[in-house]
Amino acid sequence: MKVIVVKNYEEASQKACEIMLDIVKSNPQANLGLATGSTPVRMYELMREDHKKNGTSYKDIKTFNLDEYFGLDQSHPQSYHYFMCHNLFNELDINMENVHVPKGQGNIDEECESYNKLLQENPIDIQLLGIGSNGHIGFNEPGTPFDSVTHKVDLKQSTIEDNARLFFDGKIEDVPTQAVSMGIANIMAAKKVLLIACGEGKAKAVYGMAEAPKTIDLPASALQDHPDCILIADEAAASLLKNK
Ligand SMILES: O=P(O)(O)OC[C@H]1O[C@](O)(CO)[C@@H](O)[C@@H]1O
């Protein structure tokens with residue numbers, strides 16, 4: 001795992017944006033694995049600014065999101081589909097037919113199966129990740145087997161609380177208790193993985209991911225076995241690391 005420690009959120013977002021743009025420019029038909037949450041918001045803004053200023057094109061890029069809340073329609077303002085349109089896609093020249101976010105409604109078993117098939121047919125060139133304060137990646141909570149593929153998830157109370165604080169206007173009762181998520185094996189299949197972690201609330205998870213023994217109790221530690229994984233952490237998130 002390559003660890004890049006930067007000063008703050010802004011520097012982390014700029015570095016991550018550079019890496020994403022390198023992939024998009026070197027392969028205009030790349031398959032991007034994308035993430036939601038508060039962490040990538042500034043990086044997406046920088047990608048939008050670059051598109052506007054430099055014309056970097058996404059017309060042949062395909063995207064595959066990690067996860068979606070169970071029970072929310074795509075048009076719900078808190079759905080991850082809506083998040084992606086609002087934070088990125090609406091201001092790019094991307095073909096919306098090339099955009100894929102798992103569906104959180106309908107027949108979930110069928111949806112998981114077809115999402116896995118889609119991922120098999122479209123190998124991901126770079127998978128962007130945030131990390132939960134409990135070490136989750138996507139919505140793969142502690143205890144998720146490393147060989148898991150797209151599945152329905154029961155969210156941990158700590159994840160529901162984290163997401164109520166950042167989204168849903170603080171209303172914990174509005175946060176769905178389940179989600180659909182790529183599995184850890186799907187994430188590990190990406191050619192390159194880029195994880196951004198910022199803030200002291202992520203320090204324990206970052207230490208567990210990078211330096212503690214690998215365990216399913218800290219899902220991101222699976223990435224220790226990935227051949228091309230970059231961790232960008234700000235000083236606060238990296239504060240417990242011994243090897244910086
Ligand atoms: O970036 P945040 O808001 O801290 O969230 C961290 C992680 O939690 C999730 O939002 C899911 O809870 C992931 O999508 C994200 O990577």
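Order of listing sets the numbers, starting from 1, for every ligand and every atom in it. Everything numeric in this text was worked out from a predicted model, so none of it was measured. Only this structure's heavy atoms are used, side chains among them; waters, hydrogens and symmetry mates stay out.
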### Task
Report the part of L166 in contact with ligand 1, treating N, CA, C, O as backbone and CB onward as side chain, heavy atoms under 4.0 Å; options are side chain, backbone, both, neither.
side chain
#### Entry: ligand 1 versus D67: contacting region, heavy-atom distance under 4.0 Å
side chain
### Task
Enumerate the atoms of ligand 1 whose separation from the nearest heavy atom of G130 is less than 4.0 angstrom.
16 (O)
### Message
Check the orientation of F168 and H76. Use parallel for under 30°, tilted for 30 to 60°, and perpendicular for over 60°.
### Response
tilted
### Task
Provide, to 0.1 Å, the distance between atom 10 (O) of ligand 1 and the closest protein heavy atom, together with that atom's residue and name.
Y80 OH, 3.5 Å
#### Entry: Passing candidate, side-chain contact (heavy atoms from CB on, under 4.5 Å) with Q127, options M188, M182, K191, H226
M182
### Query
Which residue and non-hydrogen atom of the protein lie closest to atom 1 (O) of ligand 1, and at what distance in Å?
T39 OG1, 2.5 Å
### Query
Can E161 and Q157 be counted as having a side-chain donor-acceptor contact under 3.5 angstrom?
yes
### Message
Salt bridge check, E10 against R42: does any charged N sit closer than 4.0 Å to a carboxylate O?
### Response
yes
### Message
I'd like to check which ligand 1 atoms, numbered from 1 as shown, lie under 4.0 Å from a non-hydrogen atom of G37.
### Response
1 (O), 3 (O), 10 (O)
### Message
For I137, which part has a heavy atom under 4.0 Å from ligand 1: side chain, backbone, both, or neither?
### Response
neither
### Summary
closest protein heavy atom to atom 11 (C) of ligand 1 is F139 CE2, 3.0 Å
### Message
Quick test: of every protein heavy atom, which one is nearest to atom 6 (C) of ligand 1, and how far off is it to 0.1 Å?
### Response
I131 O, 3.4 Å
### Query
Purely on distance, is any nitrogen or oxygen of S38 under 3.5 Å from one on ligand 1?
yes
### Query
Are any of the heavy atoms in L129 under 4.0 Å away from ligand 1?
no
## Note on the structure
atom 9 (C) of ligand 1 sits nearest the protein heavy atom H136 NE2, 3.7 Å
### Message
Determine whether the aromatic ring centres of residues Y69 and F167 are separated by less than 6.0 angstrom.
### Response
no
### side chain to side chain contact (heavy atoms under 4.5 Å, CB included) partners of E110, counting only residues at least two apart
N107
### Query
Taking side chain as C-beta onward, heavy atoms only, is L240 less than 4.5 Å from V206?
no
### Task
Provide the full list of side chain to side chain donor-acceptor pair (under 3.5 Å) pairs with a residue in residues 232-241, sequence neighbours left out, each pair given once.
none
### Note: K156-E141 ion pair, threshold 4.0 Å (strictly below)
no
### Query
What atoms in ligand 1 come closer than 4.0 Å to a heavy atom of T159?
12 (O)
#### Entry: Nearest-option assignment for atom 13 (C) of ligand 1, heavy atoms, candidates G138, P40, G132
G138
## Note on the structure
When distances are taken from atom 15 (C) of ligand 1, the protein heavy atom at minimum range is T36 O, 3.9 Å
### Task
Inspect the contact between D93 and K59 and indicate whether a charged nitrogen and a carboxylate oxygen are less than 4.0 angstrom apart.
no
### Task
Starting from atom 4 (O) of ligand 1, find the nearest protein heavy-atom neighbour and note its residue, name and distance.
K202 NZ, 2.6 Å
